[in-house]
Amino acid sequence: MDPALSPHLSQEQADEFALGSLEPEVAALVRLHIEECEPCRQLVSDGQWVASMIGMSAPPVEAPSHLKGRVLGAAGIRRSPFQTVVRFTPAATAAAAIIVALASLAGLVSLRGQVGDLRDENASLDAQIDTAIAQRVEITALTRRLADGERASSEIEAAARGDRALLLALLSPESQVAEIVPLDETVPTVGRLVWDNTQKKVFFVAMSLPAVGQDETYQLWVSADGRFFSLGTFGPDDSGFVRYETTLPQDLKSYESAVVTIERAGGSSSRAGRTVMVTDLSDLRR
Amino acid sequence: MLAVAARDEKAFAVLYDRYADLVFSASMRVLEDSQLAEDATQDIFVRIWRRPEAFIAERGRFVSWLMSVVRNRSVDEFRSRGRRRRREGLPASTDQPDDAMAMLPGNADDPLREAQLHEEQRLVRAALTTLPPEQKLALELAYFGGMTQQEVALALNEPLGTIKTRIRLGMQKLRRSLQDLA
């Protein structure tokens, strides 16, 4: 599972994240994604509900009675609001107050100082924790941006290599170019097939190629001896431009035609989809 | 939680009374150390008091959010102490007798809510017992053991794909069984 490559999470991925069973780096990507994606956040929320039920199944253990005082104290709440206040008569109250005051007077000043120090220390620790958490989030975001940058750099490098190969093909005296035209004359697509015997490659270049549905792809086929052989699948960019290259089919001795069809996503093993572009290759030199 | 967010100390005390045992129990299940579980419980409640805005009601039930906080905090503690080790055999059984719930202290402030929470816990345990043992084990190792799927696969000496399938099927079945609690 690589959420970076998929637009949205599946319920299974959301469950794995909610359960805490994803590898940390993948979980970090999911965490960043759901911050910005409401549908995926809903999926994770549903998974967290199921996961929380697992948590609730833990064998019941009673929290120690002294823990409440510890928690309230650490929260800065001086006394439990549920603590019963016993009301004494004014005289008894005054006497008790004097006794308590006398008994605690000696230690009160130093205790107050210690409590103050502890609170300061606690506040300082809290600030450090907050800073650490903020830094962690920032590092995760930076790591993500770095990975995105590296990926973009690789894509640009690959595109440059492809451009160079296409230029060489166009310059080579061993190359041949065939125009591949759309069957629907109202479609403004312009396409060329470049057969480069020097580099042993075939290039398909087209402009104004309409986008296909998410569950579809374009697929290039070449026919030989009445049978069609797939040369692979491709898709246009946002502007309708496509540059696709593949290796020359070595085992084919002659070519009759080439077509472009629209197949289901992932491509078909045999030509089955609607044909949208075609060219005659019978004049191709071999 | 709205009252806690409004710095209502009484509301915070009620919140503690209602969920302390749940939080402590889940922490104990992960950490298997009462002192560490106390520390985790304290830390979780103090954070709730100081940052109540961390819970966003629109994103789900409070108890779901709370349990995810408990799980993450406890697993972090478990890992940070370097006490993680491969556990032998099954984790501690969750098949407690129903009357174990009677050990939990009541909450005079809102006995209805307390009873609802206990009833949910009882139903959850019942739902978990309907899972095939290998699915239940995979879910528990991931949730309470803080293990990734790869680590669960290694611990059980099973292929990763098998573990992913068990977790997927286990979550699906549990979700269906618990629909009435939603």
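Proteins get letters first, then strands, A, B, ... in listed order; numbering begins at 1 in each.
The main-chain N or O of A/V61 is found under 3.5 Å from a side-chain atom of B/S25 such that the two form a donor-acceptor pair. Distance alone, capped at 3.5 Å, places no donor-acceptor pair between the B/D21 side chain and the A/E62 backbone. For the pair B/Y16 (side chain) and A/K68 (backbone), a donor-acceptor distance under 3.5 Å is present.
The side-chain heavy atoms of A/I54 and B/F144, taken from C-beta on, include a pair separated by under 4.5 Å. Using a 4.5 Å heavy-atom threshold, the side chains of A/M56 and B/R125 count as separate. Looking at B/F24 and A/P64, their side chains come closer than 4.5 Å, going by heavy atoms from C-beta outward. No side-chain heavy atom of A/V71 sits under 4.5 Å from any side-chain heavy atom of B/W49. Proximity of B/R175 to A/D15: side-chain heavy atoms (C-beta onward) are separated by under 4.5 Å at one or more points. Put simply, the side chain of B/S68 does not reach to within 4.5 Å of the side chain of A/W49, judged on heavy atoms.
Across every non-hydrogen atom of B/M171 and A/L19, the tightest pair is SD-CD1, 4.3 Å. In terms of heavy-atom proximity, A/G20 sits nearest to B/R71 at O-NH2, 3.5 Å. Of all heavy-atom pairs between B/F12 and A/A75, the closest is CE2-CB, 4.1 Å. A/L67 and B/E38 get closest at one heavy-atom pair: CD1-O, 3.8 Å.
Side chains of A/E16 and B/Q149: a donor-acceptor N/O pair is present below 3.5 angstrom, by distance only. In the model, A/E23 has a side-chain atom that pairs as donor or acceptor with a side-chain atom of B/T148 under 3.5 Å.
A salt bridge links A/R70 with B/D39; the closest basic N to acidic carboxylate O contact falls under 4.0 Å.
For the atom pair CG (B/L66) and OG (A/S52), the distance works out to 9.0 Å, reported to the nearest 0.5 Å. A distance of 9.0 Å separates CD of A/E12 from CG of B/L169, quoted to the nearest 0.5 Å. Here A/S57 contributes atom OG and B/L123 contributes atom CG; the two are 12.5 Å apart, rounded to the nearest 0.5 Å.
Few gaps surround CD on B/Q35; more than 12 heavy atoms of other groups in view lie less than 6.0 Å from it. The 12-atom threshold is not exceeded at CZ of B/R51, counting heavy atoms of other residues, nucleotides or ligands nearer than 6.0 Å.
Of the two parts of B/I167, only the side chain, counted from C-beta on, holds a non-hydrogen atom closer than 4.5 Å to a non-hydrogen atom of chain A. Residue A/E38 does not touch chain B at all, counting heavy-atom pairs closer than 4.5 Å.
Residue with the most contacts toward chain B among A/A51, A/P24, A/A27, A/S45: A/A51 (heavy-atom pairs, distance under 4.5 Å). Your options are B/R47, B/M28, B/M67, and the one with the most heavy-atom pairs under 4.5 Å with chain A is B/M67.
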